[in-house]
Amino acid sequence: MITNPTGRITQGQFSFLPDLTDAEITLQVEYGLNKGYAWSVEYTDDPHPRNTYWEMFGMPMFDLKDAAGVLMELNACRKTFPNQYIRLMAFDATRNTESIVMSFIVNRPKTEPGFGLVRQETNGRTIRYTIHSYGTDKPEGERY
Amino acid sequence: MDDNKTVDLLAIVRDSNVGEVLDKLDRELVGLAPVKRRIREIAAYLAVTNARKQLGLEASPPSLHMCFTGNPGTGKTTVALRMAEILHRLGYVRKGHVVSVTRDDLVGQYIGHTAPKTKEVLKKAMGGVLFIDEAYYLYRPENERDYGQESIEILLQVMENQRDDLVVILAGYKDRMDTFFQSNPGMSSRIAHHIDFPDYSQQELLTISGKMLEQMNYKLDASAQVAMADYIERRIRQPNFANARSIRNALDRARLRQANRLFYAASQDNQSVNTDDLSLLTASDILASRVFEGGNNTATPETAT
């Protein structure tokens, strides 16, 4: 089992900290907007570390001036998927960057079962390791 | 409650520099006396609300949604920009930008298109002012499947729930806005300030034309002044008169004629032009307008020259 002291999934920024409050999220979003980033909301119920592409909740939000717009979208997502992972991502469109520059989890399921380590014996006595998320044993939409 | 606490009302106004914006409004906008009075009232009201808050007299945040009615070209958009600045300085909107939209930006073309479109516009306007021009087009009673209604419902919801995040200003002709409010009582009850923009008088329009020319670095000679006054008098009586906008268009056309005149003169006698020639509009530039071609105006031809 992969664990860390917090007993929760740690991906992106601030994931070792206690959950950010809405006021703290607003400050982060405001910081990004001042740098000209475009925020977007994504959600998933498959938190495997190699699952890079989460589901988009609406379009990325370009040309916003104030964090209230992002919070509005985030709250809509929380209402729709209260028990899934939700993250905010900031896209920097500057030439030669053109990628995600901020990303942090803003919503988690109530219980996070974590990951198991699966050992597969192959040729000789070689062992291959797989990280398996307990959460994904059930079909999509019924996890957590 | 401590009744002895005091708060300096004037300090609030001074600190927010709102007087500066109001003075600028007075200086730069010609006429519009009732509008300026209303805006001063609103600014005073907001300053007082701030003072009350400082003394702990908590009240629900004031509703700031507004409706600007008036004929085209009476300065609704310009005043909306100033309003955003006033609200920003007094701390009622966080960013103070204006997002100007019409029906096309809010209403989608097919089922399920409207909600995301409207929400996107709302998100962009958060922290500032959402200015909906010709808002009555949102509601089309003749087509019961029109998506405008959906857009109105989303607007209403956000106007009610996120009052401190954005201010909505609706704008349009007076009579059509009245019909719009009659068929959407929910909208009407959520808008606290109705401001009516009067038409400009001839004298005011002349002053406006002077200010516009000043900005464009042109000037009128004496005879052109007379011609311009005459032009305005005739233009007002013609259909599709759009106040300051018509004046701007007339001046643009006069500039075109001036350019043509200078070019023709230069090609005739091969003389160079100086700054004065380039910035002077003469009576002939204005009198060549279609407006002076008799027909549907009542003025006698003698007054045109």
Side-chain angles (χ1 to χ4, degrees), chain A residues 20-43 54-82 84 86-94 100-104 106-107, chain B residues 61 64-65 80-81 83-85 87-102 104-106 108-110 112-132 150-151 153-169:
Chain A
L20 298 186
T21 63
D22 274 12
E24 286 164 339
I25 293 171
T26 306
L27 285 176
Q28 294 299 336
V29 171
E30 202 67 43
Y31 167 84
L33 288 177
N34 287 338
K35 297 222 155 208
Y37 302 159
W39 285 96
S40 55
V41 181
E42 294 193 345
Y43 66 95
W54 294 16
E55 259 71 51
M56 291 165 70
F57 189 82
M59 294 290 166
M61 291 167 273
F62 290 94
D63 305 325
L64 258 58
K65 293 275 190 304
D66 191 83
V70 180
L71 264 284
M72 182 173 139
E73 193 75 359
L74 168 61
N75 286 329
C77 186
R78 277 172 172 163
K79 213 167 143 191
T80 322
F81 304 105
Q84 298 200 14
I86 301 174
R87 71 180 173 192
L88 288 180
M89 304 209 302
F91 175 76
D92 182 359
T94 315
I100 300 294
V101 287
M102 284 177 81
S103 166
F104 54 91
V106 288
N107 195 68
Chain B
L64 291 169
H65 304 308
L81 289 170
M83 199 69 221
E85 205 173 336
L87 292 172
H88 179 49
R89 297 209 175 185
L90 284 168
Y92 284 89
V93 293
R94 284 187 297 270
K95 297 293 184 312
H97 62 291
V98 177
V99 175
S100 183
V101 297
T102 54
D104 284 357
D105 304 291
L106 294 167
Q109 295 174 356
Y110 39 83
H113 190 205
T114 304
K117 235 179 146 176
T118 306
K119 277 190 185 141
E120 198 185 320
V121 168
L122 282 168
K123 279 185 272 183
K124 280 182 193 164
M126 286 288 170
V129 169
L130 177 62
F131 181 79
I132 307 178
E150 195 183 342
S151 181
E153 273 153 30
I154 297 170
L155 275 175
L156 283 180
Q157 203 187 336
V158 174
M159 279 165 75
E160 189 64 25
N161 298 338
Q162 297 188 272
R163 254 189 269 172
D164 32 350
D165 287 329
L166 94 161
V167 170
V168 177
I169 297 180

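Below, read A as the first sequence line, B as the second, and so on, with proteins coming before strands; counting in each chain starts at 1.
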From [atom1] ([X]) to [atom2] ([Y]), nearest 0.5 Å:
X        : Y        : atom1 : atom2 : result
B:His97  : A:Leu64  : NE2   : CG    : 8.0 Å
B:Leu122 : A:Met72  : CG    : CE    : 5.5 Å
A:Met61  : B:Lys124 : CE    : NZ    : 11.5 Å

(request) Could you tell me whether B:Lys119 atom NZ has more than 12 heavy atoms of other residues or ligands within 6.0 Å of it? (result) no
(request) For atom CE of A:Met56, decide whether the heavy atoms of other residues, nucleotides or ligands shown that lie under 6.0 angstrom number more than 12. (result) yes
(request) Write down the atom of B:Met126, the atom of A:Lys65, and the distance for their closest heavy-atom approach. (result) O-CB, 4.4 Å
(request) State, yes or no, whether a side-chain contact exists between A:Glu73 and B:Lys123 at a heavy-atom distance under 4.5 Å. (result) yes
(message) So for B:Gln162, is it side chain, backbone, both, or neither that comes closer than 4.5 Å to the heavy atoms of chain A?
(response) side chain
